[in-house]
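So you know, we letter chains A, B, ... as the sequences are listed, proteins then strands, and number each from 1. If you're wondering where the values come from, they're calculated on a predicted model, not measured in any experiment. Excluded from the calculations below are hydrogen atoms, water molecules and symmetry mates; all remaining heavy atoms, backbone and side chain alike, are included.
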Amino acid sequence: MRHAIGLKIGPVAFRVGSDWAGPIAALADLYRDYPPPTGVPDYTVRLEAARPWRRWIRPSVTVRGDHMLPDALPLDLAHGVLAAEIGMNLQLALGERRWLLLHASSVERDGRALIMSGESGSGKSTLAAVLATRGWRLMGDEFALIDLATGAARAFPRATSLKNGAIDEMLRHVPDARFGAALTGTPKGRLRHLRPDAQAIARMDAPAIPALILFPQFGRPEAAEAMGPAETFVRLTQASTNYVPLGRAGYDALTRLVTAVPTVAVDYPDTDTAVGMVEQLWAALP
Amino acid sequence: MDAARHIADAVMPSVMIEGFAVVFHAPSGMTHLLAPPLPEILAEIAPDADGRGGGATAEEIVARLRATYELDGDVAAVVAARLAELHAAGLVRAA
Amino acid sequence: MNAARDLVAVLADPAQAAAFDDPRWTGMLCAAVAERLAGTLAERLAGVAVPDTVAAWRDNAAVQAAQERRSALWEAEMARRALAPLGVPVVLLKGTAYVAGGLAAGRGRSIGDLDILVPRAKLDAVEAALLAAGWEWVKPDPYDDAYYRQWMHELPPLIHASRDRMIDVHHTILPPTARPTPDADLLIADSVPLPDGLRMLCADDRIVHAAAHLLADGDMAGGLRNLWDIHCLIGEAGTDKLAARAARHGLGPAVARAGRLAHALYGTDVPVTWRRLTVADRLFRRRMLAVDGWGRDVRRGTRFAFYVRSHWLRMPPLMLARHLWVKWRRGKQ
């Protein structure tokens, strides 16, 4: 393909090809501080013009690659970097078999991992990004990787995807220079990517032992309630894209995780409150 | 009750979590959360670790459960309903 | 450096990859994924010294293939349970058969839907038993349904409600409207039993079916994978009585072509008469080698010609015209 880039995020190496230069340039900027990958990539993503004229006339990006969704709608070329992110997510979600994948953000302190599981809108990505400004190491905003043999969490610190109000929130904590270009009119509204800090990048191969699982929910009065392991198990199977294909290894890893690690459902009205709750819960761990 | 015999697959890895048996069924790759009396029914009709034996009619299952546990209510109806669920889930088949 | 040719060469002889640099590996692995041959290639590379990043790719692909194998065998088992009370012979076809039968073609194979062959006279009973056991129709359109029932070689597609997997129930291996007309009764009569009571085609019929599927029943999408199946099947069973059996089913030319292509691409050990490609063969080969190192299909022109050809083979021209007209008319409403 005409334009291409190789990226290594944690243990996963991607090759992204594109019919246009723009998305590759945007990726190169977001990932400029990451060590370049060596060897053969794990996955290939293609940003393609669906028809030859779509390269120039109302250009739209069709996301393809090793793993694809048949009905995926194309995206505007202006949102090409989002298309690349979607493409990389898809490869990981549909293809990964080396780790149990959880739809969760994660941060690390003292070799132990805090895992925050939730859907879009739960605030898990923003919370992880804010904690990263308070002495925690960012491990990831979207996917937590659990080692099937050891149960350790591996980092997948991609550029954090922040939407709408979350962008304004993070601008209170980090300088504008850490952000990528502002995208408007995406399917999810306003979007900007936040580049992880130097510590997150430098230590992205350092695993951490899961010590606490949270199910955060933004926009509610402050409340915290312990969640039993049976409910946690069910919710995490729903939050995993590859639990079923992993078979016995996935079952062993997840049953171990929920029986060894406490889980709390946390409601919070704003991120400052959430940070306080996290610190309290963390301090109370044995 | 009819004379059909039901048999479960042999030993399945099972972890007790908050009173549920969380069971991994290797042939299907599916994980099941089973509440009583499902694990008990399965235990009654599974073969031993060497794959021998196992299997029982619905009537035999009811009798064995009665012998081991304190039960009330319409045990036969409960067993029939649970057996149908276990068949649909693939955990039990005709022997 | 041609990813498709590298893929074919390395599948046939894994040692060929020893001298590959990273870009060459990258292109070939990507082509393998696009051709649904990742698990097969991983299997061929097992125990071969490869760079670390290739080993990581290989291990991932191997786990994926193991999962597909488990899912395929489970679907077959659930179909067996639903159909056992009927006492009807149920013959597994294609990938599921290779895996259930422990055949070389099954190692690392990517498997999609479950395909079974049953006697035409028992179709209604089979349909009823599957519906009762939780399968549902995929397409509710009555025209397509009538078309399928009358003219196709299979029931309209069924999907299981909770497992979300499709089953294709065939009563012969090519549409009755297609030009070659295989002997369905013979396929079933000579099928061989598997340990659990299901069956698969006998060795020669497996090759005949694979060749029919490759050449007479499709637009060659997945051609490299289908041809690899044939390469493995011939490697395991030989070609002793194959030509005669193929002729019996009216599929002599298809099997011969498949044999020639397998020899040309994978070096399959075939009779001398199959060791040279015809001019038409070369068009098929060109179509099959159309994947590039980014996983794209680069021979769009050839692809369209094959798509038209596949429909022409399924239906005589007059029927084709009617079918397309009804489809077009409905599309206009």
Step-by-step side-chain contact (heavy atoms from CB on, under 4.5 Å) determination, C:Arg296 to A:Met1: CA-CA 10 Å; C:Arg296 296 174 295 187; A:Met1 295 191 83; 3.5 Å; yes
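Of the atoms belonging to A:Val45, it is backbone heavy atoms, and not side-chain ones, that fall under 4.5 Å from chain C. The contact between A:Arg98 and chain C is made by backbone and side chain atoms together, counting heavy-atom distances below 4.5 Å.
Of all residues spanning residues 233-259 of chain A, those with a heavy atom less than 4.5 Å away from chain C's heavy atoms are A:Val244, A:Pro245, A:Gly247, arranged by number. Residues of residues 69-82 of chain C that come within less than 4.5 angstrom of chain A, heavy atom to heavy atom, are C:Arg70 in numerical order.
The nearest pair of heavy atoms linking A:Asp42 to C:Ala56 is OD1-CB, 4.4 Å. Considering all non-hydrogen atoms of both residues, C:Val54 and A:Val40 come closest at CG2-CG2, 3.9 Å. Shortest non-hydrogen contact noted between A:Pro41 and C:Trp57 is O-CD1, 4.4 Å.
The candidate with the highest count of non-hydrogen atom pairs below 4.5 Å against chain A, out of C:Val63, C:Asp292, C:Thr26, is C:Thr26.
Heavy atoms of other residues, nucleotides or ligands lying less than 6.0 angstrom from CZ of C:Arg107 number 12 at most. Within a 6.0 Å sphere centred on CZ of A:Arg32, other residues, nucleotides and ligands contribute more than 12 heavy atoms.
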What side-chain donor-acceptor pairs closer than 3.5 Å can you find for residues 81-93 of chain A, not counting sequence neighbours?
from	atom 1	to	atom 2	distance (Å)
A:Glu85	OE1	A:His193	NE2	2.5
A:Asn89	OD1	A:Arg158	NH1	2.9
A:Gln91	OE1	A:Asp66	N	3.4
A:Gln91	OE1	A:His67	N	2.8
A:Gln91	NE2	A:His67	O	3.0
A:Gln91	NE2	A:Gly87	O	3.2

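Take A:Arg15 and apply the side chain to side chain donor-acceptor pair (under 3.5 Å) test, not counting sequence neighbours, and it matches A:Thr44.
Remark: the backbone N or O of A:Arg97 is paired with a side-chain donor or acceptor of C:Asn60 at under 3.5 angstrom.
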